[in-house]
Peer 1: 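Please see the structure below; I have some questions.
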2 protein chains.
Amino acid sequence: MTVTLADVAARARVSPATVSRVLNGNYPVAATTRERVLRAVDELDYVLNGPASSLAAATSDLVGVLVNDIADPFFGIMAGAAQAEIGGQEGTGRAGGEKLAVVCNTGGSPERELTYLTLLQRQRAAAVILTGGALEDPRHIAAMTTKLAKLADAGTRVVLCGRPPLPGSEAIVAALAFDNRGGGQRLTEHLLALGHRTIGYVAGPAERTTTRHRLEGHRAALRAAGRDDGAGTDGRESLTVHGPYSRRSGYEATLELLRRAPDLTAVVAANDTVALGACAAVRDKGLRIPEDISVAGFDDLPFSVDATPALTTVRLPLHEAGGRAGRLAMGMETPPPGGIATIAAELMARASTAPPRTD
Amino acid sequence: MTVTLADVAARARVSPATVSRVLNGNYPVAATTRERVLRAVDELDYVLNGPASSLAAATSDLVGVLVNDIADPFFGIMAGAAQAEIGGQEGTGRAGGEKLAVVCNTGGSPERELTYLTLLQRQRAAAVILTGGALEDPRHIAAMTTKLAKLADAGTRVVLCGRPPLPGSEAIVAALAFDNRGGGQRLTEHLLALGHRTIGYVAGPAERTTTRHRLEGHRAALRAAGRDDGAGTDGRESLTVHGPYSRRSGYEATLELLRRAPDLTAVVAANDTVALGACAAVRDKGLRIPEDISVAGFDDLPFSVDATPALTTVRLPLHEAGGRAGRLAMGMETPPPGGIATIAAELMARASTAPPRTD
DNA sequence: CTGTTAGCGCCTTCAG
DNA sequence: CTGAAGGCGCTAACAG
């Protein structure tokens, strides 16, 4: 029924081994022979049996890219860039030695993250790229560390992209970490410099590295200016509210912040999506941006520049980072010294932030 | 080195066959035996060898989801919903019989679409879901038809989601098509009812089903109202401009439309992202939305309600469609009669459209 | 440069 | 309900 390598060999009047060699292209074969084999392949419309090949070779051409939320362009941009490096040779049409870059959506669930890694391990994946922030739960960290060690043991290359390195994990080829802390700090410094004194912060979900680092940056800036986040200062409530990375969360948290601090003049959001929700809340309260309230985001996703007013945010080079992760996963680029690289975050001051009113 | 099924069998004091049976769960095994085997699996930390298993069984647990642009939430939402149905059992932690749902980014390139299908065919994928509009080039359609037929022949279930059925392809389990034509028509009817007479249209890339159907709906509405798209009416240029599904395209096309027709009062965009670009162009021209120019999008992505003003658009039930496609791919839902279902598109009239000025 | 020879690890009849 | 045996299709040493 299905045509096998042996059929191709017979038609090309060579041995199966020779066919295998021309298909994999990593062994010298006479040009005329290769030609004959390739013709037979086309004539028979032969498609390599991946599982059989992987079994015999003990590796597969699968590369997994794990993302926390596939509907969020933050991840989509990184994953797309990585895939382009991995499977983007714009092949011959016959699908030669391409890798199969696939993205897996964990939905932010630690269990699914682990499950996907097991599935990828089961497939003997050539490489795995983990994108975005990680959960900081010690149990999960431990589970991840051992799981990644096993993957590495089995020859799978592990690359982190937009995620800090795991403690004491030599299993990892490279970790590309965003400077979330520095970015968060510069953003709040920007607001402080504009004259803001009461700044609300809509943080991401607790226990996530991204959330914590951005918040730390924010607080460091406040502290350096002799301020804190409001909690306890004069008996008032904290000006930090946690929530998921969603528009809705930004909306509700901003309403809550406005309630806690009527003298609020600025809101910093965990990311751009959250910032959009914050903007909506500010408007629904009849306040203007930035005249009454300044709003800032994080990530600089493509839509941010189109917000009205254009959103002040922190730019992360998602495309570049994803592409680099892809090349590292393919062994096409040498890892940074120590396996760790910190990727700079750049402040993008736009129209959604301005000095507070002085009345 | 690596632990195999035989190792587990030895430890559990059963035959390899029995271990295989409990792992696959599709054969009666005594409860106590199963228990013993499962314990051995955990103790040895055994992970099934996917390639070996797929080779022997002649099928794999891979399910591919092809998308045109992974950074676009339009696809991310559908893909995420599909994945949740396919791999979302929140497993036991041991990764039992889960399928591995993976998304592949074609970037809209027909070659890569074919390449990915070949790669998936090579892996003997259990199912493939194709999302979003298709290229209408006859050569590509022919290539896709034969390729999908081969996949189906090899036992791969093929499902289309947000894509019209291919002509004469019985290879497909089901096609879930959006009513892009009806949606486009209702949208333009809405503008016509508001009193608009000179309506610009920023279409998507030519030769794509989605583009064509939405445009057809637009023109049908114009025709029913005794209008056309402007071309030739009184010697003026067409009010339809084509471009990619990007913000930039919307921006530039709108500038062009404004140049072609100074009396323009409304712009309909190919999708919400394009509409955002259109809004930016309108504003940069010093015009107000909707007082001077009405703007409308398509898809109703999450950010659309947050645009300022909130974007009038056409809602597509992306999440529901993706979930249904996932279930169809898993054989968990019976296909619609004839294998084809048309999914309704709902007009969402919001603040970005209003009657034109009457001066 | 090409052919021969063994498996890779698992599933699946077939017996028991 | 469980064990034994053969083979899935390909690759990787070895020879030549």
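Below, chains carry the letters A, B, ... as their sequence lines are ordered, and counting in each starts from 1.
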Peer 1: Distance check needed: dG9(C) C1' versus Q123(A) CD, whole Å only.
Peer 2: 14 Å

Peer 1: Atom CG of L55(A) and atom C1' of dA6(C): how far apart are they, to the nearest Å?
Peer 2: 13 Å

Peer 1: Out of the candidates M332(A), K99(A), M330(A), only one should pair with E85(A) under the side-chain contact (heavy atoms from CB on, under 4.5 Å) rule; please name it.
Peer 2: M332(A)

Peer 1: Are OP1 or OP2 of dG9(C) and a side-chain N or O of T4(B) less than 4.0 angstrom apart?
Peer 2: no

Peer 1: Mind checking the SG-CG spacing from C104(A) to L119(A)? Nearest 0.5 Å is all I need.
Peer 2: 8.0 Å

Peer 1: Let me spell it out: for each of T32(B) and A52(A), pick the nucleotide of DNA chain D with the closest heavy atom. Which residue's pick is nearer the 5' end?
Peer 2: T32(B)

Peer 1: Quick check for you: among dT12(C), dT2(D), dA12(D), whose closest atom lies nearest to any side-chain atom of A17(A)?
Peer 2: dA12(D)

Peer 1: Is there a side-chain contact between S54(B) and the phosphate of dC8(D), meaning an N or O under 4.0 Å from OP1 or OP2?
Peer 2: no

Peer 1: Quick one: do the D61(A) and Q123(B) side chains pair a donor with an acceptor below 3.5 Å?
Peer 2: yes

Peer 1: How close or far is atom P of dC10(C) from atom CG of D61(B), stated in whole angstroms?
Peer 2: 14 Å

Peer 1: Nearest to the side chain of V29(B) - dT2(D), dG9(C), dT12(C)?
Peer 2: dT2(D)

Peer 1: Could you tell me the separation between the CG atom of L48(A) and the P atom of dC8(D), rounded to a whole number of Å?
Peer 2: 16 Å

Peer 1: Whole-Å distance between dG7(D) C1' and N49(A) CG?
Peer 2: 13 Å

Peer 1: Of the options dG9(D), dT2(D), dT2(C), whose atoms approach the side-chain atoms of Y27(B) most closely?
Peer 2: dT2(D)

Peer 1: In whole angstrom, what separates N26(A)'s CG from dC1(C)'s P?
Peer 2: 14 Å

Peer 1: Counting side-chain heavy atoms from C-beta on, which of dG3(D), dC11(C), dG9(D) comes nearest to A56(B)?
Peer 2: dC11(C)

Peer 1: Verify the contact: side-chain N or O of S53(A) to OP1 or OP2 of dT11(D), cut-off strictly under 4.0 Å; return yes or no.
Peer 2: yes

Peer 1: Do E113(B) and R163(B) meet the salt-bridge criterion of a basic N to acidic O distance under 4.0 Å?
Peer 2: yes

Peer 1: Taking atom types as they are modelled, is there a donor-acceptor pair under 3.5 Å from the base of dG3(D) to the side chain of R21(B)?
Peer 2: yes

Peer 1: What nucleotide among dC11(C), dC8(C), dG3(C) has an atom nearest to a side-chain atom of L5(B)?
Peer 2: dC11(C)

Peer 1: By nearest atom, which of the nucleotides dG9(D), dT11(D), dC11(C) is closest to the S20(B) side chain?
Peer 2: dC11(C)

Peer 1: Could you state the atom-to-atom distance from CZ of R34(B) to P of dT2(D) in whole Å?
Peer 2: 9 Å

Peer 1: Find the distance R124(A):CZ to dC8(C):P and express it as a whole number of Å.
Peer 2: 14 Å

Peer 1: When you check the phosphate oxygens OP1 and OP2 of dT4(C), does a side-chain N or O of S15(A) lie under 4.0 Å from one of them?
Peer 2: no

Peer 1: Is N24(A) close enough to dT11(D) that one of its side-chain N or O atoms is under 4.0 Å from OP1 or OP2 there?
Peer 2: yes

Peer 1: Please check this pair: side chain of T115(B) against backbone of E111(B), looking for a donor-acceptor N/O pair closer than 3.5 Å.
Peer 2: yes

Peer 1: Check side chain to side chain contact (heavy atoms under 4.5 Å, CB included) between E43(A) and all other residues, then give those that pass, not counting sequence neighbours.
Peer 2: R11(A), R39(A)

